Q: 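Before we start, here is the structure in question, set down as structure tokens.
Since this is a predicted model, take the numbers as computed values, not measurements.
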Amino acid sequence: MAARDTWQRGQRCGWPLARAKLPILRWLPHYSLAWLQSDLMAGLTVGLTVVPQALAYAEVAGLPLQYGLYSSFMGCFVYCFLGTAKDVTLGPTAIMSLLVSSYAFHQPVYAILLTFLSGSIQLAMGLLHLGFLLDFISCPVIKGFTSAASITISFNQVKNILGLQGIPRQFFLQVYETLRRIGETRAGDTVLGLACLAALAGLRVMKSHLPRAACVEPLAARVSHLIVWTSATARNALVVLFAGLVAYSFQVMGSQPLTLTGSIPQGLPPFQLPHFSMATPNGTIPFQTMVEPRRTITGLTLTRSCWLWALPTSWDPSSHHIPSRAALAAVNAQSGVCTPAGGLITGTLVLLSLAYLTSLFYYIPKAALAAVIISAMVPMFDAGIFRRLWRVKRLDLVPLCVTFLLCFWEVQYGIVAGVLVSGILLLYSIARPAVKVSEGDVLLVQPGSSLHFPAIECLRDTVCSYALTAASPPRSIILDCCHISSIDYTVVVGLRELLQELHKHGLSLAFCSLQEPVLQVLLSADLEGFQHFSSREEAELCRGAEAGARGEAPSTSSSESLLLPEGLTQ
């Protein structure tokens with residue numbers, strides 16, 4: 001009995017902890033056949049989208065195409081156990097692939113090491129609970145880099161649509177070389193690429209206008225609706241399959257006007273740790289040299305964090321992954337996925353394609369993969385964000401434009417610059433808070449936000465400019481602190497100096513509407529001449545009575561002004 005009671009107590013204590021650490025335990029005990037059917041359908045639908053996209057994103061990364069498939073299955077399996085959102089599927093993305101291409105130099109060993117290092121950095125950030133740092137990446141910065149990346153990645157694929165070879169990676173050189181060599185365009189690649197783009201756009205529009213199937217409709221109508229919906233959702237796979245059939249037909253006829261993907265190794269590579277050095281004919285490249293472009297590693301981690309935000313992720317350094325993110329959530333949700341088990345189906349489909357379909361991937365035209373990438377990137381460009389910010393707050397256009405423009409040079413530079421500009425604007429608003437000044441029988445000064453050390457000089461200058469130069473005769477000053485929820489030691493020192501300076505000129509300073517934390521700080525500082533009142537009315541009444549006792553004539557004029565930080569009026 002004692003042993004059984006002990007086991008039951010352990011179950012009661014350990015089960016909630018296990019459920020918190022392993023989210024799979026929250027839904028697995030309740031799994032049903034109906035859920036299995038929905039997850040199976042969703043997993044197959046997402047898998048048909050993931051496979052062609054993985055091949056395309058490996059092309060963006062400048063890696064052999066099989067590495068796109070390697071990066072598409074492990075995240076699905078891991079997320080099934082650790083994931084908390086049923087709609088999320090982990091897989092490669094174009095922006096991550098773009099960053100990898102700037103570091104990997106078409107060498108898979110660099111990409112694998114990059115994955116390991118960026119994963120280690122993000123794991124350390126998670127263990128140290130540094131996710132709050134992402135709060136400093138504003139929406140204009142994110143919109144700026146995603147919009148710029150969509151243009152960069154889309155134009156990067158124009159060379160494959162035109163059938164051009166040897167185009168440099170840097171965006172401005174790409175534009176120049178593409179325009180210079182436009183006469184070398186291959187007609188077959190261009191016609192096929194444009195046809196694939198048109199088909200993808202048409203299927204996307206068809207899906208967006210497809211009405212929901214009602215349960216009362218005949219079975220044939222519901223089946224037809226399901227076929228059309230699946231075809232529109234898995235449009236990438238259908239278009240790539242069609243393009244592959246066209247290429248194979250040309251191959252059989254003995255002529256090939258298309259640029260093909262080429263051979264892809266079958267199966268999985270050996271599982272091993274990443275190489276921390278690389279042997280070359282000229283010697284061994286040490287680890288320090290391999291990680292010399294640290295800016296790319298940091299930029300990759302930062303960009304990946306922007307994408308994932310608060311989603312749990314994991315890397316397996318031994319599985320030859322290129323970095324991936326949570327993607328295709330909309331496809332998963334629209335497919336009716338019920339649990340993260342849908343990712344198991346997606347990952348299994350990727351593994352099956354590696355095992356049995358790699359010989360067929362040989363005939364996939366590069367123009368078709370380029371069309372898949374461009375089709376995925378175009379919706380990421382948010383042209384309306386510029387108009388919305390102009391209407392809502394024009395100052396936010398500064399970090400947006402800085403990020404947008406610099407991302408054409410290097411994506412990571414654009415993100416870092418945008419974060420810095422946003423931080424400067426944030427610090428400026430803290431250092432120059434809005435101050436409301438009302439002139440009457442007493443001078444009423446009301447800061448619009450909490451006071452921190454950069455703002456105390458601004459507050460002192462405001463009070464002194466009104467009390468010592470504009471006020472005649474000298475009057476009492478009331479500092480209304482109703483909007484101040486916190487202050488620091490530097491502010492306390494500044495207030496002490498302000499009290500002393502006003503006292504030299506025969507003026508008094510009183511505080512009103514102090515919140516409890518601020519009041520406790522000021523009382524602990526033991527300021528000389530510190531007076532406080534519970535409300536503005538009480539402070540004005542007391543100061544007015546003191547002025548009457550001194551025989552001063554009450555002021556009959558009253559004016560009010562609001563001082564805003566320069567440049568922050570929009």
Side-chain angles (χ1 to χ4, degrees), residues 132-133 135-136 420 422-471 473-547 550 560-568:
F132 71 92
L133 294 176
D135 295 338
F136 294 94
L420 290 177
S422 297
I424 291 173
L425 295 178
L426 177 64
L427 291 175
Y428 186 81
S429 64
I430 294 175
R432 296 294 182 268
V435 179
K436 182 179 179 181
V437 180
S438 301
E439 297 182 81
D441 293 337
V442 296
L443 183 66
L444 180 65
V445 180
Q446 184 185 72
S449 61
S450 293
L451 293 178
H452 300 286
F453 65 91
I456 185 59
E457 287 301 324
C458 175
L459 179 64
R460 287 178 57 186
D461 292 343
T462 300
V463 173
C464 292
S465 64
Y466 276 88
L468 302 182
T469 60
R475 295 163 299 176
S476 300
I477 301 99
I478 298 176
L479 187 62
D480 188 350
C481 303
C482 62
H483 299 303
I484 302 176
S485 59
S486 64
I487 59 175
D488 54 40
Y489 178 74
T490 305
V491 174
V492 174
V493 173
L495 292 176
R496 176 183 287 113
E497 295 173 353
L498 178 61
L499 284 168
Q500 293 173 353
E501 185 173 0
L502 294 175
H503 181 70
K504 291 178 182 178
H505 292 83
L507 300 176
S508 62
L509 173 65
F511 298 77
C512 72
S513 305
L514 287 167
Q515 300 185 29
E516 186 63 26
V518 179
L519 177 59
Q520 292 301 323
V521 171
L522 294 177
L523 291 175
S524 301
D526 195 19
L527 301 178
E528 182 179 354
F530 173 68
Q531 300 180 29
H532 67 93
F533 301 90
S534 60
S535 65
R536 179 197 303 182
E537 292 76 12
E538 181 182 349
E540 291 178 340
L541 183 62
C542 181
R543 290 309 182 194
E546 291 180 359
R550 290 194 301 265
E560 183 178 289
S561 62
L562 179 63
L563 304 182
L564 291 174
E566 184 179 355
L568 295 182

Q: Where is the tightest heavy-atom contact between V518 and S486, given as atom of each residue plus distance?
A: CG2-N, 3.8 Å

Q: Provide the closest heavy-atom pair for F453 versus V491 in the form atom of the first, atom of the second, distance.
A: N-CG2, 3.9 Å

Q: Taking only residues two or more places apart in sequence, or in another chain, which ones meet R536 in a salt bridge (charged side-chain N to carboxylate O under 4.0 Å, His left out)?
A: D480

Q: Are the side chains of V445 and L459 in touch, meaning some heavy atoms are under 4.5 Å apart?
A: yes

Q: Not counting sequence neighbours, which residues clear side-chain hydrogen bond (donor to acceptor under 3.5 Å, both in side chains) with S534? List them please.
A: E538

Q: Working to the nearest 0.5 angstrom, can you tell me the gap between L499 CG and L509 CG?
A: 5.0 Å

Q: What do you reckon, is CZ of F530 surrounded by more than 12 foreign heavy atoms closer than 6.0 Å?
A: yes

Q: So do L468 and L507 actually touch side chain to side chain, heavy atoms under 4.5 Å?
A: yes

Q: Kindly say whether E497 contributes a backbone atom to a donor-acceptor pair with the side chain of R460 at under 3.5 angstrom?
A: no

Q: Return yes if some donor-acceptor pair links the side-chain N/O of S508 with the main-chain N/O of S476 below 3.5 Å, else return no.
A: no

Q: I'd like to check L495 versus L522 (side-chain heavy atoms, cut-off strictly below 4.5 Å). Are they in contact?
A: yes

Q: Which heavy-atom pair separates A525 from R496 by the least distance, and what is that distance?
A: O-NH2, 3.2 Å

Q: Check P517 against S485 and note the closest heavy-atom contact, atom names and distance.
A: CB-O, 4.3 Å

Q: Kindly compute the distance separating CG (L519) from CD1 (I484), expressed to the nearest 0.5 Å.
A: 12.5 Å

Q: Quick one: closest heavy-atom pair of C458 and A431, and the distance?
A: CB-O, 3.8 Å

Q: For a quick test of reading the model, state the closest non-hydrogen atom pair linking L514 to H532 and the distance between them.
A: CD1-CB, 3.6 Å

Q: Can you tell if the side chain of L479 reaches within under 4.5 Å of the side chain of P447, non-hydrogen atoms only?
A: yes

Q: Starting at CD1 of I477, measure out to CZ of F511 and round the result to the nearest 0.5 Å.
A: 10.5 Å

Q: Applying side-chain hydrogen bond (donor to acceptor under 3.5 Å, both in side chains), which residue pairs with at least one partner in residues 512-525 are found, sequence neighbours left out?
A: E516-Q520

Q: Just how far is it from atom CG of L541 to atom CD of E537, taken to the nearest 0.5 Å?
A: 9.5 Å

Q: Can you tell me how far the CD1 atom of I456 sits from the CG atom of D461, to the nearest 0.5 Å?
A: 9.5 Å

Q: Just wondering, do L527 and V492 contact through their side chains at under 4.5 Å, heavy atoms?
A: yes

